[in-house]
Amino acid sequence: MSRSKKTSLSLAALIAATLALTSCSAGSGESSGGTESETTSVTLALTGPPVNLDFTTTAGAAIPQALMANVYQGLVQINQEGALEPLLAESWSVSDDLKTYDFKLHPDVKFSNGADFTAEDVKFSIDRVKSDAWTSSVKNKMNVVESVKVLSDTEVQIVLKQPSNAWLYDMATRIGAMFDESGVDDLAKTAIGTGPYTVESWKPNESMALAAREDYWGEAPQIKTATLRYFADVTATTNALQSGDVDIVYNMQAPDLLTTFEGNPEYQILDGTSTGEIILSMNNRVAPFDDVKVRQAVMYAIDRQAVMDAAWNGKGTLVGGPVPPTDPYYEDLNGEYPFDPAKAKSLLKEAGAENTNITFTVPTRPYATAISEIVVAQLKDVGINATIESSEFPAVWLDKVFTKHDFQMSIILAVEPRDVLTIFNDPDYYIGYDNSKIKAEAAAADQADEAGYIEGMKKVVRTIVDDAASDTLFIFPNTVLAKADVTGIPANAVSEGLDLSTIGWK
């Protein structure tokens, strides 16, 4: 007996880095009275540009945000409720031992270069993740795959080394992207996928323009041209909206500016959620944060509610641990480290770390800048003197902090779905957490039944929190500001990409 799952395919597309097209896409959307070009194009304002188009070798959220599901697609996708749905696979079944997955693929799917998508491409793409071609650390999520067998053009069998609750969900992220073997020679500049859009133009640090494919295999998107424009200054995004240069400010980075638009019938505000954790990262490898008591002192020193209120107008969700409420193993851990400056001072004294000086490497992102000043003040109150070192994001921060681990404390928005093991179950990850306490338990949870997975992961998370591996300040809200006539904007950021395929005009 096997368990099968079938769902009618909803249109897939996720992006979050689409760019500056040309004047024909700016100021689009005069509602029903606009010209055809005005009602079939949209321009979005974003603040975090990709450094290239290759997420197989480059870390960071900006590339998959723009390309996943818009250009690249997987066998499955994550919907707005955070659940899995079929995508390139129209259905799948799982063996009784939970190790063998048989996927039935949609027929007549083509890549944007005209090549047919078949089971051979599934095998090629998965094998490539496991090869040296992929260097991004998330490739480790594919280690559980034992083999990929092509059964026919539209049927593929994937066998796991052991059962894994996480694997199929991970297949909806960048590691599950399907590639054409003839289209991977220059991924940093050329993206060839099965999705509804192609990259028409890309100007680093400025914009990316996506054009709808006429030969797309699924439901055609309403928007023919989507432009992502990147702004270093958050005020400039709202100014661009008011002037008509952009139609949507996605994942707004200046909540204090919303009052200008509240109650104005020309605009709409969407208050969604996300899987993004604002993490106060402590480098567990280096002093003083190689001492658990110092890390715990930081946890007690930070008033997370005050941080969220002052830096982000109270928008967001306090969780107390590195898991958002949309994950199945979430539990409220806010009570584990209540705001207690006296306790923080006591722990620092026990650790011999009173009046400690540290460098706080802060990426040039609006949320990081806003939060860092408050954190510095709260740390100073307990005897930790933090000096802010600004780090240009993404290029410099990714190189210095993420790759070279050259930092003591930093702050970052970790947006990858279900990323707790990505961050904490790899001692080579930039935080440098010693995963020896959780490695076996995490593996056991992954191989258990659903109930065992949830309970096992809760124990893993509690161990991480007990060790104060990092401080999750709050779950980042997904606030969207847009023209009133724009429809179909994804309110929640619960996957790696921003789905443009549903966006249209009244």
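Note that the numbering runs from 1 along the sequence shown for the chain.
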Minimum heavy-atom separation for [X] to [Y], with atom names?
| X | Y | answer |
| --- | --- | --- |
| Y330 | L318 | OH-O, 4.4 Å |
| P394 | P49 | CG-O, 3.6 Å |
| S125 | A177 | CB-O, 3.7 Å |
| D247 | V42 | OD2-CA, 3.4 Å |
| A368 | P363 | CB-O, 3.5 Å |
| A484 | P265 | CB-O, 3.2 Å |

Practice item. Carefully, step by step, assess D102 and W92 under the rule side-chain contact (heavy atoms from CB on, under 4.5 Å). Key: CA-CA 5 Å; D102 288 299; W92 68 87; over 6 Å; no
Validation row, ring centre F179 to ring centre F124 under 6.0 Å: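 Judged by ring-centre distance (under 6.0 Å), F179 and F124 do not meet the cut-off.
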Checklist entry - Does the ring center of Y72 lie less than 6.0 Å from the ring center of F55? => result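 Judged by ring-centre distance (under 6.0 Å), Y72 and F55 do meet the cut-off.
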Subject >> Steps toward ring pair (Phe, Tyr, Trp, His ring centres under 6.0 Å) verdict (Y430, W397) >> reply: CA-CA 11 Å; Y430 83 101; W397 189 91; 5.7 Å; yes
Could you tell me whether a side-chain N or O of [X] sits under 3.5 Å from a main-chain N or O of [Y], the two making a donor and an acceptor?
| X | Y | result |
| --- | --- | --- |
| D485 | K506 | no |
| T403 | L398 | yes |
| N478 | T273 | no |
| N79 | G82 | yes |
| T198 | E200 | no |
| N283 | H405 | yes |
| D499 | S501 | yes |
| D153 | A119 | no |
| N113 | A115 | yes |
| T190 | L187 | no |

*asked:* Taking the six-membered ring of Y169 as reference, does the cationic atom of R418 (NZ for Lys, CZ for Arg) lie under 6.0 Å from its centre and within 45° of its axis?
replied: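 Yes, a cation-pi geometry.
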Task: From CA spacing to verdict: ring pair (Phe, Tyr, Trp, His ring centres under 6.0 Å), F474, W312 - done: CA-CA 10 Å; F474 58 93; W312 225 247; 7.2 Å; no
- May I have the step-by-step check of salt bridge (charged side-chain N to carboxylate O under 4.0 Å, His left out) for R174 and E496, ending in yes or no? CA-CA 8 Å; R174 71 192 81 174; E496 289 190 300; 2.7 Å; yes
How far does [atom1] of [X] sit from [atom2] of [Y], to the nearest 0.5 angstrom?
| X | Y | atom1 | atom2 | answer |
| --- | --- | --- | --- | --- |
| F261 | K483 | CZ | NZ | 11.5 Å |
| T47 | F393 | OG1 | CZ | 9.5 Å |
| Y367 | I278 | OH | CD1 | 5.5 Å |
| Y216 | S112 | OH | OG | 12.0 Å |
| N251 | T479 | CG | OG1 | 7.5 Å |
| L44 | I503 | CG | CD1 | 5.5 Å |

Greater than 12 external heavy atoms within 6.0 Å of E214's CD: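 No - once you tally the heavy atoms of other residues, nucleotides and ligands closer than 6.0 Å, there are 12 at most.
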Original post:
Near Q242 CD, under 6.0 Å, is it more than 12 heavy atoms from other residues, nucleotides or ligands?
Top reply: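 Result for CD/Q242: enclosed.
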Could you tell me whether the side chain of [Y] reaches within less than 4.5 Å of the side chain of [X], counting heavy atoms only?
| X | Y | result |
| --- | --- | --- |
| T260 | T238 | no |
| K404 | D399 | yes |
| Y197 | I223 | yes |
| W202 | N52 | yes |
| V480 | V249 | no |
| R365 | Q253 | yes |
| S41 | K224 | no |
| F117 | V122 | yes |

[X] and [Y]: side chain donor to acceptor below 3.5 Å:
| X | Y | answer |
| --- | --- | --- |
| Q73 | W217 | yes |
| D245 | S243 | yes |
| Y433 | N425 | no |
| T57 | D54 | yes |
| K141 | T422 | yes |

* Asked: Under the side chain to side chain donor-acceptor pair (under 3.5 Å) criterion, do T472 and E277 qualify, and how do the steps go?
  -> CA-CA 6 Å; T472 302; E277 307 102 357; over 6 Å; no
Fill in: Worked verdict on S274 versus V494 for side-chain contact (heavy atoms from CB on, under 4.5 Å)
CA-CA 5 Å; S274 80; V494 291; over 6 Å; no
I78 and L84: side-chain contact (heavy atoms from CB on, under 4.5 Å), yes or no, with the steps? CA-CA 5 Å; I78 303 167; L84 281 178; 4.2 Å; yes
| task | Start with the C-alpha distance between F402 and Y429, add both sets of side-chain angles, then the distance that settles ring pair (Phe, Tyr, Trp, His ring centres under 6.0 Å), and finish with yes or no. | result | CA-CA 8 Å; F402 189 84; Y429 201 70; 5.4 Å; yes
Could you go step by step and tell me if M252 and I269 meet the side-chain contact (heavy atoms from CB on, under 4.5 Å) rule?
-> CA-CA 10 Å; M252 188 175 177; I269 299 173; over 6 Å; no
query = Hey, is D215 close enough to R213 for a salt bridge, meaning N to O under 4.0 Å?
reply =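 A salt bridge is present here (some side-chain N lies under 4.0 Å from a carboxylate O).
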Review point. Any Lys/Arg nitrogen of E155 or K104 sitting under 4.0 Å from an Asp/Glu carboxylate oxygen of the other?
Key: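 So E155 does not pair with K104 through a salt bridge.
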